[in-house]
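In what follows, residues are counted from 1 in the order of the sequence shown. Counting starts at 1 for both ligands and their atoms, following the listed order.
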Amino acid sequence: MARNIIDGKKVAELLRQQVRDDVREWVGRGNRPPMLQAILIGNDPASGTYVGAKTKACKEVGIESETVTFPDTMSVRELKEAIRTYNNDDSIDGILLQLPLPGHLHPSQVIETIDHRKDVDGFHPMNVGRLAVGQPTFRSCTPAGILELFRYYSVMTKGRHAVVVGASNIVGSPLAIMLSRENDSGKATTTLCHKYTRDLTRHIIQADILIVAVGSPGLITGQMVKEGVVVIDVGINRVSDSSRDKGYRLVGDCDFESVAEKASLITPVPGGVGPMTVAMLMKNTLLAAKKSIYPSDNM
Ligand code: L34
């Protein structure tokens with residue numbers, strides 16, 4: 001692997017080993033294994049792959065998991081009903097509602113139904129709010145995984161200019177919050193760009209650290225970035241490729257060749273951020289089981 005390529009697969013594996021050791025210790029002290037309930041709605045092939053990767057990781061680290069699959073015709077009421085059942089089930093520590101949802105199910109409405117103490121994705125407004133004011137919380141898995149990569153590769157954020165492209169609730173927004181907080185993984189001057197940003201290049205060229213989470217293949221090219229920039233490419237796009245067995249290959253939001261030429265560090269797709277997302281979910285599920293974030297029962 002070239003010297004400037006971030007090996008997300010390797011770091012994720014180290015993280016999973018750590019979680020596996022911690023789970024073993026937790027169970028060794030007489031506790032039942034952590035348990036993750038995954039909810040998959042419809043038959044989006046990418047979502048199926050991601051949930052599959054998550055249940056596989058659970059198995060590897062000693063976390064129990066179950067995946068329930070609902071048809072994409074299910075109603076909001078039925079989904080909320082199912083979530084309440086999981087909320088009330090003491091044998092379930094974490095609830096994962098895989099996104100995106102079919103169009104008629106509005107994510108924010110449904111996510112609020114999840115018990116914030118079981119919200120291992122960190123999407124519940126309670127957890128996002130706690131993140132924003134610097135209280136202990138479940139941190140959304142992809143941004144938390146990115147900060148973990150910075151830690152592993154000694155990427156300093158303090159005082160540097162981080163530019164986040166894409167303001168989704170899953171990645172861009174929580175990441176911008178994390179990077180701008182006054183703690184060891186933050187202290188960055190943070191710019192959050194989105195689809196209304198004028199002259200995107202003017203912002204991107206200034207980035208010491210560039211995180212792109214848009215879902216638009218080839219959006220960022222080498223000419224747009226500063227020499228020495230650290231690039232995190234969160235996009236996972238399937239582009240058709242008849243030379244592959246599956247008929248497609250995965251690419252990020254960066255034109256990898258040209259951006260990698262100028263970057264001091266860059267994540268590949270696949271093998272960059274994706275595996276980190278899965279590893280951080282394992283970490284959060286263990287935190288949920290240990291009730292580390294919300295210790296008291298009467299919240
Ligand atoms: N609720 N929905 C919820 N939580 C999440 O954290 C997610 N996300 C995103 C989509 N919806 C979600 C994921 O799980 C994206 N995502 C995710 C998870 C795993 C991988 C990619 C995205 C992953 O394992 N990627 C591999 C390649 C997988 C493949 O072959 O398609 C990689 O190396 O990037």
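- In summary, Glu60 and Arg16 engage in a salt bridge, as defined by a charged side-chain N under 4.0 Å from a carboxylate O.
- For the pair Asn127 (side chain) and Thr137 (backbone), a donor-acceptor distance under 3.5 Å is absent.
- Here ring pair (Phe, Tyr, Trp, His ring centres under 6.0 Å) pairs that include residues 132-160, with residues two or more places apart or in two chains, number zero.
- Checked against side chain to side chain contact (heavy atoms under 4.5 Å, CB included), Pro102 has the following partners two or more places apart in sequence or in another chain: Ile41, Asp72, His104, Leu105.
- Contacts of Gln18 classified as side chain to side chain contact (heavy atoms under 4.5 Å, CB included), with partners at least two apart in sequence or in another chain: Asp22.
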Less than 3.5 Å apart, N/O on ligand 1 and N/O on the protein: could you list those pairs with the distances?
residue	atom	partner	partner atom	Å
ligand 1	1 (N)	Leu97	O	2.7
ligand 1	1 (N)	Asp121	OD2	2.7
ligand 1	2 (N)	Leu99	N	3.0
ligand 1	4 (N)	Asp121	OD1	3.0
ligand 1	4 (N)	Asp121	OD2	3.2
ligand 1	11 (N)	Gln98	NE2	3.1
ligand 1	11 (N)	Leu99	O	2.9
ligand 1	14 (O)	Lys54	NZ	2.6
ligand 1	33 (O)	Gly271	N	2.7

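- Counting non-hydrogen atoms of other residues, nucleotides and ligands closer than 6.0 Å to CD of Gln17 gives a total above 12.
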